[in-house]
2 protein chains.
Amino acid sequence: MKYQKIPEATIRRLSRYSRCLEEMDEKGEKVVSSAQLANKCIVNPAQVRKDLAYFGEFGIRGVGYYVKDLLNNIKKILGSDKEWRMALVGVGNLGSSLLAYKDFLKQNYTIVAAFDIDPPKVIGRVSEKLGKPVEVFHINRIKDVVKERKIEIGLITTPPSEAQGVADLLVEAEVRGILNFAPAQITVPEGFVVKDVFFTTILDNLAYLLSN
Amino acid sequence: MKYQKIPEATIRRLSRYSRCLEEMDEKGEKVVSSAQLANKCIVNPAQVRKDLAYFGEFGIRGVGYYVKDLLNNIKKILGSDKEWRMALVGVGNLGSSLLAYKDFLKQNYTIVAAFDIDPPKVIGRVSEKLGKPVEVFHINRIKDVVKERKIEIGLITTPPSEAQGVADLLVEAEVRGILNFAPAQITVPEGFVVKDVFFTTILDNLAYLLSN
DNA sequence: TCAATTTTGTGACTCCTTTCACAAATTTTG
DNA sequence: CAAAATTTGTGAAAGGAGTCACAAAATTGA
């Protein structure tokens, strides 16, 4: 298949397929058809095949897909086969919550440093399972620490008013990926990526659907 | 304008407009054009007008939109002008984090009860700002408490394996809206709504964009 | 071995969303 | 007061994304 721009929705679904395939693999299932996977992920079977077709031919006609093989391929496509080292900026309420919440760093996403304007801040309770607590640095050390610890993703958990400033610092430190929890529009230069996680937006969405 | 199905993306943008308009209102700005609002929200001006046109005519030609008026209208459309009472199910790591994180319950979204299989669980530190701690009930009391406290939205923060079971309980208790943080596909009957918040999916997304 | 069956990969079609472009309505300016 | 300027609301065009339907490839069974 010739090159095409890949829809964002496709990438989101790949992540979903990945989760389902992991479950199947754990159950010991060896082979899966697009129909079975689609059924589990609640999408159209042709959608599954088309999504995969953007990246190559992973199936065998008349058979289906080998679960392990497909899973590995999807992880390679997503880049979720490697370890991603993250920094959290803003150790307030939400920030310390996320530091304490181990499950969202599933497998390959690790917070290796945290920053704040007031660094001696106690970083929440340290979850028993979490192991070592995450070190909290003063925000002005961000550039060195990012370099030293090979950080590639930044989580912004400051108040909205500080979000753009923090984004600028992350850009300056060449942190190319930002996950923004602060409900504020932030902009970054070409080559950098921001993904927003606004609880309020999602709740507004829910509220709309419930009211209509 | 005659009736049309409203795109989900439109609803998401309305929430964004709402946030921007609130900022403008705070700054004392009285009137805004679709171009200014679009610029602030990083969308196309025609998009702004079309989004609003689904619901009525809110602007004045040659002038623009009255900030306060438009804001009120959008809030009414979204249903975010009323108070929404929520229950959180699963007072583990993430659950107690969210209980302690006041900011995400911005304004009109309030957690009024929490549930767990092990209710005497301590509910994290109670944020100083949060005021009263949220009461944690045994999961088997969900039906009464939902009724008693007029709960309309449920937050699922259990391990993924329990998510569908909890969803079933919420459905039985007639909680029509569910915000699902547990990375598992859950299904609910017609008339009920689920919105997923999967950190891993968003990180996978970021990972993909950074790898390509 | 060959027909029947299964299931992928994909071109074509449909449906939905976004953007463009302009008439209509209002304000501003001379 | 009329012409110029502004800005909305919307029909039409363009652009994407999702679904269908079927040829191609592989397997199974007689």
Side-chain angles (χ1 to χ4, degrees), chain A residues 1-17 20-21 24 29-74 77 205 208-209, chain B residues 1-17 20-21 24 29-71 73-74 77 201 205 208-209:
Chain A
M1 171 180 269
K2 65 176 183 296
Y3 177 78
Q4 274 185 268
K5 198 200 158 292
I6 286 129
E8 161 131 6
T10 290
I11 302 302
R12 267 200 302 275
R13 281 191 299 269
L14 285 182
S15 181
R16 215 193 296 185
Y17 304 154
C20 290
L21 288 166
M24 289 174 174
E29 290 168 40
K30 297 295 177 209
V31 178
V32 67
S33 70
S34 60
Q36 292 170 314
L37 186 55
N39 186 53
K40 183 142 188 175
C41 296
I42 316 173
V43 296
N44 181 298
Q47 182 84 79
V48 172
R49 298 198 295 273
K50 190 141 260 191
D51 283 338
L52 295 174
Y54 283 113
F55 303 97
E57 304 196 359
F58 304 110
I60 300 163
R61 296 177 187 212
V63 180
Y65 303 86
Y66 290 112
V67 173
K68 266 204 164 65
D69 180 53
L70 183 58
L71 181 58
N72 286 336
N73 274 301
I74 290 178
I77 293 163
N205 229 283
Y208 170 76
L209 292 167
Chain B
M1 171 179 268
K2 64 175 184 295
Y3 177 79
Q4 274 185 267
K5 202 201 156 291
I6 287 130
E8 161 130 7
T10 290
I11 302 302
R12 265 199 302 277
R13 281 190 298 268
L14 285 183
S15 180
R16 217 195 290 188
Y17 304 155
C20 290
L21 287 166
M24 289 174 175
E29 290 168 38
K30 298 295 178 208
V31 178
V32 67
S33 70
S34 59
Q36 292 171 313
L37 186 55
N39 185 53
K40 183 141 187 178
C41 295
I42 316 173
V43 295
N44 181 297
Q47 182 85 80
V48 172
R49 299 198 296 275
K50 190 137 261 195
D51 283 338
L52 296 174
Y54 283 113
F55 303 97
E57 304 197 358
F58 304 110
I60 300 163
R61 295 177 189 213
V63 180
Y65 302 87
Y66 290 113
V67 173
K68 267 205 163 65
D69 179 54
L70 184 58
L71 181 56
N73 274 302
I74 291 179
I77 292 163
T201 301
N205 229 283
Y208 169 77
L209 292 168

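Source: prediction; values computed, not measured. Below, read A as the first sequence line, B as the second, and so on, with proteins coming before strands; counting in each chain starts at 1.
- A:Q47 contributes atom CD, which lies 5.5 Å from atom OH of A:Y17 (distance to the nearest 0.5 angstrom).
- Legend: residues meeting salt bridge (charged side-chain N to carboxylate O under 4.0 Å, His left out) with B:E29, ordered by chain and number and at least two apart, are absent.
- With a cut-off of 3.5 Å on both pairing distances, the Watson-Crick or G-U wobble partner of C:dG30 is D:dC1.
- Annotation: proximity of residues 60-71 of chain B to DNA chain D (heavy atom, distance under 4.0 Å) is found for B:I60, B:R61, B:G62, B:V63, B:G64, B:Y65, numbered in ascending order.
- Side-chain contact between A:K30 and A:V67 is absent, with no heavy-atom pair separated by less than 4.5 Å.
- Contact of the B:Y65 side chain with the B:L52 side chain is registered, since non-hydrogen atoms from C-beta on lie closer than 4.5 Å.
- Computed from coordinates, the A:R49 CZ to D:dT19 C1' distance equals 10 Å when rounded to whole Å.
- Two residues are said to be in side-chain contact when any heavy atoms from C-beta on lie closer than 4.5 Å; B:P7 and B:T10 meet this criterion.
- B:L14 has its CG atom 15 Å from the C1' atom of C:dT17, to the nearest Å.
- Under the 4.5 Å side-chain criterion, counting only non-hydrogen atoms from C-beta, B:S15 is not in contact with A:N205.
- Crowding of B:Y66 atom OH: a count of heavy atoms from other residues, nucleotides or ligands under 6.0 Å not exceeding 12.
- Here C:dG9 is the nucleotide among D:dT8, C:dG9, C:dT8 with the atom lying nearest to any side-chain atom of A:E57.
- Between A:M24 and A:L21, the closest side-chain pair of non-hydrogen atoms falls below 4.5 Å.
- For the pair A:T10 and B:A35, both in contact range of DNA chain D, the more 5′-proximal nearest nucleotide belongs to B:A35.
- A 4.5 Å side-chain heavy-atom check between A:I74 and A:F55 finds every atom pair outside the cut-off.
- Separating the CG atom of A:L52 from the C1' atom of C:dT7 is a distance of 14 Å, rounded to the nearest angstrom.
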What N/O pairs connect the protein and nucleotides 12-16 of chain D at under 3.5 Å? Give each pair on its own line.
from   : atom 1 : to    : atom 2 : distance (Å)
D:dA12 : N6     : B:K50 : NZ     : 3.3

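- Within the structure, salt bridge (Lys or Arg N to Asp or Glu O under 4.0 Å) pairs that include any residue of residues 36-48 of chain A comprise A:E23-A:K40 (at least two apart or interchain).
- A straight line from CG of A:L37 to P of C:dT7 spans 14 Å, rounded to a whole angstrom.
- Contacts of residues 38-48 of chain B with DNA chain C (heavy atom under 4.0 Å): B:N44, B:A46, B:Q47.
- The separation between B:Y54 atom OH and C:dT17 atom C1' is 7 Å, rounded to whole Å.
- Between A:S34 and the phosphate of C:dT8, there is a side-chain N or O to OP1/OP2 separation shorter than 4.0 Å.
- The list of salt bridge (Lys or Arg N to Asp or Glu O under 4.0 Å) pairs with a residue in residues 51-70 of chain B, not counting sequence neighbours, reads B:R13-B:D51, B:D25-B:K68.
- A:N73 has its CG atom 15 Å from the P atom of C:dT8, to the nearest Å.
- The CD1-C1' distance, from B:I11 to C:dT17, rounds to 14 Å in whole Å.
- Separating the CZ atom of B:R13 from the C1' atom of C:dT19 is a distance of 12 Å, rounded to the nearest angstrom.
- No side-chain heavy atom of B:Y208 sits less than 4.5 Å from a side-chain heavy atom of A:L14.
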